[in-house]
J.: 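I have a structure here, written as structure tokens, and I will follow up with some questions on it.
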Amino acid sequence: MRYVEWAVLLVIAGLGIAVANLVGFKVGFFESLPGIAVLLVISFLGVICTKVIPLKLPVVAYCSIIGLLVACPISPIREFVIESAGKINFTAPLTMVGAYAGMSISDQIKTFAKQGWKMIIIGVFVMTGTFLGSALIAQLILTLTKAI
């Protein structure tokens, strides 16, 4: 995929995030634009890293690394990044991700159904295990740091 296509897709995703943030969380469109811009720039830099850096990591890994670097205490733009991204409710981008995921698998429902009822049980166990594992780790960390 070319950089222009990525840029267009990221702008569309950014508009979707802005609308979800406005409708669902009553954050003004223009108020959320700096945060969306920060997230989109980090995402685009992640895409560029996958093409330039010979280490074959997924785009998500590069985005995570870049996000950590720009928000770390030694970063000169830390305050701006944290303040602007803080205005974006976390579930607003998730709405877009869920919509994209739903659209991408919608044509594979019949294939999934052919797998049988065992796949549904495995899926439930995987999701339950992931949720419980995440909750357990979060509880442990929050207790150790005396946040709760």
J.: Tell me the closest heavy-atom pair linking Tyr3 and Ile48, and the distance in Å.
T.: CE2-CG1, 3.8 Å
J.: When clusters are formed by joining ILVMFWY residues with side-chain heavy atoms under 4.5 Å apart, either directly or through shared neighbours, do Ile65 and Leu45 land in the same one?
T.: no
J.: What heavy-atom pair brings Ile66 and Cys49 nearest, and what distance separates the two atoms?
T.: CD1-SG, 3.9 Å
J.: Could you tell me if the side chain of Trp6 sits less than 4.5 Å from the side chain of Ser43, heavy atoms only?
T.: no
J.: Taking Lys26 for the side chain and Val23 for the main chain, is one N or O donor matched with an acceptor at less than 3.5 Å?
T.: yes
J.: Could you give the distance from OG (Ser75) to CG (Leu68), rounded to the nearest 0.5 Å?
T.: 11.0 Å
J.: Is there a path of hydrophobic side-chain contacts, each under 4.5 Å between heavy atoms, that joins Phe80 and Val41?
T.: yes
J.: Got a second to check how far Gln115's CD is from Ile120's CD1, nearest 0.5 Å?
T.: 10.5 Å
J.: With distance as the sole test, does Asn21 use its side chain to make a donor-acceptor pair with the main-chain N or O of Lys87 at under 3.5 Å?
T.: yes
J.: Out of curiosity, Ile88 CD1 to Glu31 CD, how far, rounded to the nearest 0.5 Å?
T.: 9.0 Å
J.: Nearest 0.5 angstrom please: Asn89 CG to Leu22 CG, how far?
T.: 12.5 Å
J.: Where do Ile42 and Val70 come nearest, in terms of heavy atoms and distance?
T.: CD1-CG2, 3.8 Å
J.: Out of curiosity, does Val59 fall in the hydrophobic cluster containing Val8 (side-chain heavy atoms, cut-off under 4.5 Å, transitive links)?
T.: yes
J.: List the atom of Ala71, the atom of Ile82, and the distance in Å for their closest heavy-atom pair.
T.: O-CD1, 3.9 Å
J.: Quick one: do Ile12 and Ile36 end up in the same hydrophobic cluster if we chain Ile, Leu, Val, Met, Phe, Trp and Tyr together by side-chain heavy atoms under 4.5 Å apart?
T.: yes
J.: Under 4.5 Å between any side-chain heavy atoms of Ile148 and Gln139, yes or no?
T.: yes
J.: Could you give the distance from CG (Leu39) to CG (Leu10), rounded to the nearest 0.5 Å?
T.: 10.5 Å
J.: So, do Ile53 and Tyr62 sit near enough that their side-chain heavy atoms are less than 4.5 Å apart?
T.: yes
J.: Over all heavy atoms of both residues, which pair between Phe29 and Ala18 is shortest? Give the atoms and the distance, please.
T.: CE1-CB, 3.3 Å
J.: Would you name the heavy atoms of Leu69 and Cys72 that are closest together and state the gap between them?
T.: O-SG, 3.2 Å
J.: Is there a path from Val60 to Phe44 through hydrophobic residues (I, L, V, M, F, W, Y) whose side chains come within less than 4.5 Å of each other?
T.: no
J.: Can you tell me how far OG1 of Thr91 sits from CD1 of Ile17, rounded to the nearest 0.5 angstrom?
T.: 11.0 Å
